[in-house]
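The figures here come from the full heavy-atom set of this structure, side chains too, leaving out hydrogens, waters and symmetry mates.
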Amino acid sequence: MAQIFHPRANTVAIAVLVSIPVVVVLVFVVNYQLHASSYTTGEGRFVDQPVPFSHKHHVGDLGLDCRYCHGGVDKVAFAGLPPTHTCMTCHSQLFTNAAMLAPVRQSLATGIPIRWNRVYRLPDYVYFDHSVHIRNGIGCTTCHGDMSEQPLTEKKTPLTMGWCLACHRHPGTHMRDEADIFDPHVPDPHNDPRKAVAMLRHYVVETANMTDCSVCHR
Amino acid sequence: MTMAVGGAEIFPAGTARPGDDRRLTRVNTNEAVNVLVTGPLLDSERWRRWWIAFAVSAALTVIFFGSMIYLFVAGIGIFGNNSIVVWGYPIANYVWWIGIGNAGTLISSMLLLTHQRWRAAINRLAEAMTLMAVAIAGLMPIMHMGRPQYFYWLAPYPNTMGLWPQWRSALIWDFWAILSYLLFSIVFWYTGLIPDLATLRDRATTRAKRVVYGALALGWRNSARHWHIYQTYYRTMAALATPLVCSVHSIVGLDFAASLMPGWQETIFPPYFVVGAMYSGFGMVVVLCAAVRWGLRLEALITMRHFDIMAKVMLMAGTVMLISYATEWFSGWYSGRGVDRRFLGFEFAGTYSPLYWIMIFCNCIAVQAFWFRSVRRSLPAIILISVLINIGMWLERILIVWNTLSHHYVASMWRLFYPTLWDWLILFGSLGFFAFLYLLFVRFFPVVSMHEVRQLVREETAS
Amino acid sequence: MSLVLLAEFEREEALVNAVGQLGERDYRVIDAFTPYEVEGLGGLLGASPFRVRAAMLIGGLGAAALCWFVEWYSATLGFPFDSGSRPPNSWPVFPLFPFEFGVLMAGVFGFAAMLWSTGLPSLNHPFFDSPLSDRASQDRFLLAIDIPSTARARRTLERLLADMGAEAIEEAEL
Amino acid sequence: MSAGTEISRRAALKLFAAGAAVSLAGCSRPYEEILPYVDMPEGMAAGEPEYYATALPLGGYARGVIVKAVEGRPIKIAGNPRHPASLGATDIFGEAEIMALYDPERSGTIRGPNSISGWSEFFAELLARTDKAKSGAAPLHILTSTVTSPTLLRQIAELSGQVPGTRWFAYDPAGGAAEGARLVPRLDKAKVIVSLDADPLGPGPMQVVLGRRFIDGRRSADQRMSRLYAVESIWTLTGANADHRLALPPAGIEAIAMEIAGRLGGGNAPPADLPGEARHFVEAMLADLKAAGQGALLLAGGSLSAAARKAVDDANRKAGAPVDRIEPPQGLPHPEALGDFLASLYGGKVENLLVLDCNPAYDAAPGKTFADRLEAVPFAVHAGCYDDETAGLCRWHLPLSHPLEAWSDLTSADGAVSIVQPLIRPLYETRSAHEVVALYAGQPTPSGHDIVRATWRQDETDEAFENWWRGTLVSGIVSGRAPKSSSLSPAASPAEALAPEDAARTPPKGGFTAVLRPDPTIYDGRFSNNAWLQECPKPLSKGTWTNVVSLAPVDAQALSVEDGDVVAVASVEGAVEGPARIDRGQAKGVVGLTLGYGRLRAGAIGTGLGYNARLLAPGSLGNVVAGVKVIRTGRRAPVPSTQMHFSLEGDLGKLLPEVTAGEALPGAGKPREPVPSLFGPGPAKDPYSWAMVIDTAACIGCNACVIACQSENNIAVVGPDEVANGRAMHWLRIDRYDLGDAAEPRHGFEPVPCMHCEKAPCEPVCPVEASVHDTEGLNVQVYNRCVGTRFCQSNCPYKVRRFNWFAYNSGQEYQDLGKEPMRARFNPDVTVRARGVMEKCTYCVQRISGARREAEKTDTPIPEGGVTTACQDACPTRAIQFGNLQDPASKVNRLRADRRHFTLLAELGTRPRTTYLARVRNPNPKLAGDSA
């Protein structure tokens with residue numbers, strides 16, 4: 001019988017056979033990379049807002065404290081967003097006719113809130129409490145990065161479960177003194193083991209239950 | 001139509017030719033084997049019966065997948081499960097199908113290692129059954145889950161959550177038992193098929209068949225060197241298949257035994273499930289052999305002697321099942337625990353007890369008929385008893401689930417299971433889907449392993 | 001590829017006795033092509049299944065060890081959980097997954113080693129050029145002998161093969 | 001659970017398609033918006049719950065509650081510890097008011113004669129009608145249910161002054177006797193209590209406080225444990241908790257009541273002709289009563305005649321029984337009875353009618369005659385929360401605000417007055433009852449807030465009144481001040497408050513006697529459209545979504561009727577049909593019916609369920625209908641129920657052990673000695689190990705904990721078909737077992753939440769770590785990790801887990817429970833579970849986590865009692881205690897050492913953290929002989 005296949009068929013057959021295990025491994029690798037990439041976590045993504053509010057200007061240049069607008073951050077789970085009145089305390093005097101601030105003025109007039117776009121979003125089944133972190137030595141820069149450098153708010157951290165767990169397993173290295181909590185320039189983490197132990201004792205943090213599922217999922 | 005190649009009359013005197021109404025009594029040449037097995041595959045007009053069966057199975061397959069899609073859209077509430085009897089038909093179907101699957105490997109590996117030459121005619125038939133039964137068995141747990149779209153969480157894949165499977169759960173062992181067993185069976189079945197594909201490649205008449213069979217045969221050229229390496233690999237695989245199949249069905253038994261519920265927490269479950277698997281598997285093999293033998297006229301290859309031996313094996317397995325049940329009853333009574341004794345009472349006299357007695361009849365009593373040679377000689381009797389065995393074994397699996405979940409420790413939560421239409425559709429749909437796959441196999445692949453039968457022919461002609 | 005003489009025999013005994021006699025007359029038998037495995041012929045011709053056995057052993061045990069490590073790592077270091085206050089390192093249940101996966105990997109590695117040592121897949125092969133190659137997979141037994149250098153030795157070889165019952169003798173390239 | 005929870009499946013599919021298109025188109029996920037306030041109300045941190053004290057009416061009487069509101073929407077009711085009628089606990093009706101508030105079926109628009117109309121149009125026609133009424137031509141008739149609101153009484157009095165000839169009628173749909181002084185028995189001080197067909201522990205405004213006092217009387221270590229006898233015809237909660245119970249038809253009970261009342265007071269009364277063992281029972285009871293002296297207490301039920309009740313009252317006075325008599329406040333108008341209203345309605349004398357917040361066409365006089373007469377009334381106005389049967393017959397229907405939306409004030413059954421303050425602005429264009437009556441009084445735009453303040457305003461400075469007002473709102477109890485009574489004397493003379501007429505007292509001429517009782521979970525029909533209450537298992541039959549006809553076994557045999565067979569109960573005036581339920585221990589010749597069902601216009605949830613028992617005797621509010629025939633219809637309608645098996649034969653008795661008073665449970669109280677174990681030491685020690693002890697002796701089976709748990713943890717309602725399929729979702733079930741024997745059948749209640757076992761069998765079997773133990777000892781169910789293999793429920797010996805077979809709360813809701821306002825009831829701290837996910841009692845992990853975070857913030861440990869579970873808060877009798885095992889002084893540790901302490905299925909070695917105290921019975925030695 002004459003040859004059925006062209007000599008190239010051998011290499012094609014070998015390629016197909018070899019590709020099966022390769023594809024299986026590839027699936028695992030690509031899946032992980034895709035989920036860890038910024039495409040999924042949204043890390044480093046700027047979010048455009050109805051009013052281009054610049055933290056760089058308000059925090060960096062003017063030196064406003066976080067709690068001025070985000071009042072609930074050390075009291076309740078939700079950090080809180082400034083009501084229109086807080087903006088208008090200054091902007092009723094400054095840049096009163098700037099086109100950029102038209103939505104703020106319109107909101108004040110009509111009583112309809114400004115529809116900001118959320119930058120940091122956690123799934124519904126995750127219960128994150130700002131106040132217990134702020135009151136136990138975790139500063140704003142740990143998760144939000146240096147706000148004084150962000151003209152438009154950017155998502156600085158992946159907020160994946162693995163990322164949160166890394167901190168919950170070694171909380172000490174991410175804790176800082178009370179004074180630095182709201183300081184935008186303090187880098188994180190400090191990686192000083194002695195300070196870590198000191199911080200844990202200072203804030204009386206119970207680490208036994210930090211990786212319990214009931215801490216974040218209810 | 002007689003096949004004459006190279007002028008030599010391939011059928012010496014005394015042997016009937018295919019298409020001849022007299023059944024072939026003895027096959028004593030290689031060519032006879034080739035003609036019998038590859039004949040139907042290569043000329044495609046004698047398939048009327050096949051098309052009828054294929055149409056019926058295709059309809060059932062549409063029902064099966066239709067029900068599955070509706071299940072995923074509407075949710076598993078469409079089944080008859082409730083919050084107390086949380087498991088139902090899909091779990092029973094899963095155990096039943098993987099039980100049938102296991103018998104295929106038992107035939108092709110255990111009987112190979114014990115030099116049962118007669119298995120050569122039916123081992124590929126059985127391995128194909130394994131493949132398809134385990135594939136369907138693999139679908140069942142996914143259909144039984146509440147959120148099937150996350151079944152991959154049972155695998156240890158690297159993820160951004162830092163979470164891993166929980167290795168103490170019998171369901172994780174199940175995941176790997178099914179996956180390994182399915183892939184192992186595919187490799188084992190394909191390896192056995194390579195030489196026969198080469199034969200088909202060389203006998204193919206149309207270009208398309210030659211290319212397809214040629215590609216699948218990976219260029220096998222029957223070199224003696226290759227045979228030596230091939231047979232070593234094939235026998236080692238058979239040696240590995242036996243412990244694999246025993247462990248797979250022991251793990252399925254551990255699904256129930258690795259719990260603390262009355263009627264499940266018994267040490268006999270793993271071996272008792274393996275024997276149960278072999279038992280219902282042989283039943284299915286008998287049915288398939290009879291069907292394929294009738295469909296493709298392979299009476300010469302799959303002889304009544306095969307059925308006789310298989311009947312004996314089923315007799316042995318049926319008796320072992322009876323012993324297993326007796327052990328269960330005795331250990332339940334002997335434990336002296338109130339809950340176990342109440343459980344036995346519920347099994348024997350409770351709401352499901354009629355089904356229990358039907359199961360005892362099908363599994364243990366009907367098969368005793370095989371003591372008589374006359375019964376073992378009549379094919380219809382064997383087929384009937386095999387079907388009864390499979391019905392009995394399915395009943396056993398569903399009763400294992402129902403009895404324990406309906407009648408357990410806390411009396412206030414005793415509750416019964418009422419099946420719905422969808423339970424039945426998925427069950428019979430899965431039968432249809434199995435038939436659908438099997439008919440495709442019969443249509444495109446050699447049903448009998450020619451190279452092993454040729455060795456059989458050599459032994460008979462040499463002696 | 002070497003030039004060989006292909007001799008076609010009808011029965012296995014003829015082939016085996018031919019191999020024996022050619023061996024005595026120290027002709028070099030390259031290979032034989034039979035529709036089923038002829039006991040011992042492969043070993044006689046020097047094929048060794050060592051690679052398959054080694055691959056299965058190493059592949060199987062290696063995969064099992066990897067699985068046990070994944071189990072142990074994930075249960076004790078990756079994300080240790082209190083699951084029914086069982087100890088994180090519950091080694092009694094650990095062997096199940098490695099055994100299943102190990103057996104599978106043994107099979108897969110064995111298959112790869114078999115293909116590797118037999119040179120398959122070789123869909124296009126000079127052997128298929130010879131018209132006799134079709135029958136090898138059905139009912140004929142072929143023998144491939146190295147062609148002796150001189151034409152005379154070749155003629156004696158062909159005559160010898162004919163005496164031994166060879167039905168057809170062709171020249172082929174392997 | 002996921003982002004798609006609040007959109008229907010079809011919308012979800014559209015979104016999915018859109019989502020797929022967007023992700024294909026490239027860049028990133030669609031944004032999610034976040035909206036701040038325009039002007040933040042001061043003191044309010046977003047997401048922080050606030051608590052307001054208010055009161056909720058049941059049958060007109062108040063129970064003080066504290067309502068938790070998050071971001072302006074009330075989500076949870078709890079008892080007000082300072083209120084004497086709730087003592088910090090609630091009943092199922094209080095807990096379920098949240099569901100009633102957000103019910104999408106509530107009427108939100110005014111319906112005029114032939115079209116939707118507005119308040120102004122109504123007011124215009126009302127003015128015309130009032131002028132005619134003032135001219136004496138068409139006097140105003142007002143029909144209400146029991147009114148205890150001082151403000152409303154004042155308004156009615158002023159209105160009848162303004163519009164002469166106004167007549168006010170009131171009736172209690174549940175058929176209670178509305179005679180003069182309210183009697184509040186002090187069950188904690190009584191030693192021997194005899195309930196003569198009274199049901200103090202049954203559903204009603206006083207259930208919470210009577211339950212608490214009854215159990216306090218049995219639990220107090222210092223004095224002797226009280227003993228309860230119940231003489232009744234059908235099973236009630238009081239009968240279920242009695243030490244001894246005698247089943248007799250109503251006539252028999254009447255006779256016994258007269259005899260005992262007579263003989264207890266020293267006089268002699270004709271002995272009632274009773275069968276042998278009943279006579280023995282009565283003699284033993286009488287001896288016990290006499291021996292108890294000041295501690296003896298008789299309770300007369302509604303089915304007794306006025307004479308019998310008077311005799312019992314006199315006997316109590318003579319024996320000095322511990323009963324508080326609450327005199328109604330002076331100077332307030334007295335309503336006329338329903339009979340007078342029907343007489344004038346049938347006499348055609350009603351031209352101008354206001355039906356205020358009641359549904360007479362259903363619960364007073366159902367049937368054609370009343371309906372035709374009501375339709376004939378030229379100006380009939382119905383004001384109510386629902387567009388119900390009566391509203392359909394009236395010319396106008398005015399939507400009323402829900403008690404959580406309106407200002408009012410209410411008096412509790414034991415006389416305490418509290419202010420009702422709204423938690424939320426009215427969801428629809430509704431008005432409160434005060435505002436409607438003010439409209440009648442001619443005020444165009446009345447404000448409920450001002451009307452109520454006017455009642456309580458005394459001549460004092462604004463500032464003093466404001467302080468008093470705010471103090472009362474915070475405490476929830478009006479103290480030190482009487483309401484401004486009406487300056488005008490009511491025109492109509494206060495007719496002697498008649499007990500419901502005893503016309504039906506004629507001796508039964510053969511056939512059965514029907515006894516009507518308010519339904520244990522639907523009460524009188526006001527809550528028919530409340531899905532939580534419809535799905536709440538009845539305390540004794542565990543049936544849901546319908547009422548049943550209960551028969552004694554011997555009668556059932558005679559009629560060859562089994563459980564679930566439909567029987568017809570026919571009286572002279574009407575007939576009803578319902579599924580039969582065979583109750584061992586029910587009096588022979590008596591058929592038990594419950595009110596509240598058979599609604600024709602209740603809404604999607606309540607319409608068409610069960611039968612309306614009032615059809616047997618329309619117009620009479622008595623709860624006994626004599627001479628009733630029971631006929632087998634041959635059809636079957638099995639009742640969807642959550643528990644199918646009740647008996648504890650053989651060694652099942654260990655599930656609910658019972659001891660007699662004073663005895664210890666063998667093997668109780670000994671601390672568990674450490675068992676050698678192959679496993680090493682457990683995980684790192686955490687300062688808290690949560691545990692719970694449930695006292696089955698204190699559980700009266702009222703289901704308050706079940707509905708509290710459902711409200712706190714967003715538990716889904718699955719509907720009758722799914723309950724019949726065995727898929728009810730309550731995390732906390734109360735198992736009701738048959739104790740005693742056929743001769744004297746008794747019941748035992750055992751609330752079963754999750755056991756939170758230390759060696760939990762459900763954790764090692766979960767393949768994806770969705771069921772896992774945390775260091776605080778909780779068995780945590782992680783909903784977002786669960787894939788629904790359900791092995792955990794298979795392996796749970798207690799069967800405490802519940803599965804979402806369908807998206808009961810997120811896409812495939814029952815009837816209209818998915819509609820818009822319904823989603824506002826959810827507790828934001830608890831995940832709303834998706835389809836295919838297992839769920840179970842979590843010891844209210846959201847409360848523990850809240851307290852834990854508070855402790856972490858303030859660096860102070862959680863104090864004893866710092867965390868209370870929802871069921872513990874709701875329990876009227878404080879049967880559930882929750883606390884930290886590591887604190888040696890905690891109550892749970894003390895209870896674990898109690899001599900009645902036992903663990904459910906201890907032999908399995910799961911080491912549950914929820915443990916129990918055995919049930920206690922205080923039998924009378926003379927009667928104990930026949931039923932050890």
Side-chain H-bond candidate by donor/acceptor type, B/Asn222 with C/Ser137, under 3.5 Å: no

Basic-acidic side-chain contact under 4.0 Å: C/Glu71, B/Arg168: no

Residue pair C/Thr118, B/Arg225: steps toward the side-chain contact (heavy atoms from CB on, under 4.5 Å) verdict: CA-CA 8 Å; C/Thr118 57; B/Arg225 295 168 178 275; over 6 Å; no

Under 3.5 Å side-chain donor-acceptor pair for B/Arg221 and C/Ser122: yes

Other residues, nucleotides, ligands: >12 heavy atoms within 6.0 Å of B/Tyr190 OH: yes

Shortest non-hydrogen separation from B/His451 to C/Tyr36 and the atoms involved: O-CB, 3.7 Å

Chain C contact via B/Val33 - which portion, at a heavy-atom distance below 4.5 Å: neither

Residue pair C/Leu115, B/Leu218: steps toward the side-chain contact (heavy atoms from CB on, under 4.5 Å) verdict: CA-CA 9 Å; C/Leu115 292 188; B/Leu218 303 178; 3.8 Å; yes

Backbone N/O of C/Gly107 and side chain of B/Tyr233: donor-acceptor pair under 3.5 Å: yes

Which atoms of B/Pro195 approach chain C - backbone, side chain, both or neither, heavy atom under 4.5 Å: neither

Engaged part of C/Val52 at the chain B interface, taking heavy atoms whose separation is under 4.5 Å: side chain

Contact class of C/Phe50 relative to chain B, heavy atoms under 4.5 angstrom: neither

Contact class of B/Thr232 relative to chain C, heavy atoms under 4.5 angstrom: side chain

Any donor-acceptor pair under 3.5 Å from B/Trp227 side chain to C/Thr34 backbone: yes

Segment of B/Glu452 engaging chain C (4.5 angstrom heavy-atom cut-off): neither

C/Ser74 and B/Trp167: side chain donor to acceptor below 3.5 Å: yes

Proximity breakdown for B/Ile194 and chain C, heavy-atom pairs closer than 4.5 Å: side chain

Heavy-atom pair count under 4.5 Å with chain C, highest-scoring of B/Leu240, B/Thr38, B/Asp196: B/Leu240

Distance-minimising heavy-atom pair for C/Val70 and B/Pro156: CG1-CB, 4.0 Å

Region of C/Arg51 that comes under 4.5 Å of a non-hydrogen atom in chain B: neither

Region of C/Gln138 in contact with chain B, defined by heavy-atom distances below 4.5 Å: both

C/Phe127 versus chain B, the contacting section by heavy-atom distance below 4.5 Å: side chain

Euclidean distance, C/Leu104 CG relative to B/Phe184 CZ, rounded to 0.5 Å: 8.0 Å

Per-residue contact mode, C/Leu57 against chain B (heavy atom under 4.5 angstrom): neither

B/Leu244 portion near chain C, given a 4.5 angstrom heavy-atom threshold: both

Which portion of C/Leu142 sits near chain B, non-hydrogen atoms under 4.5 angstrom: neither

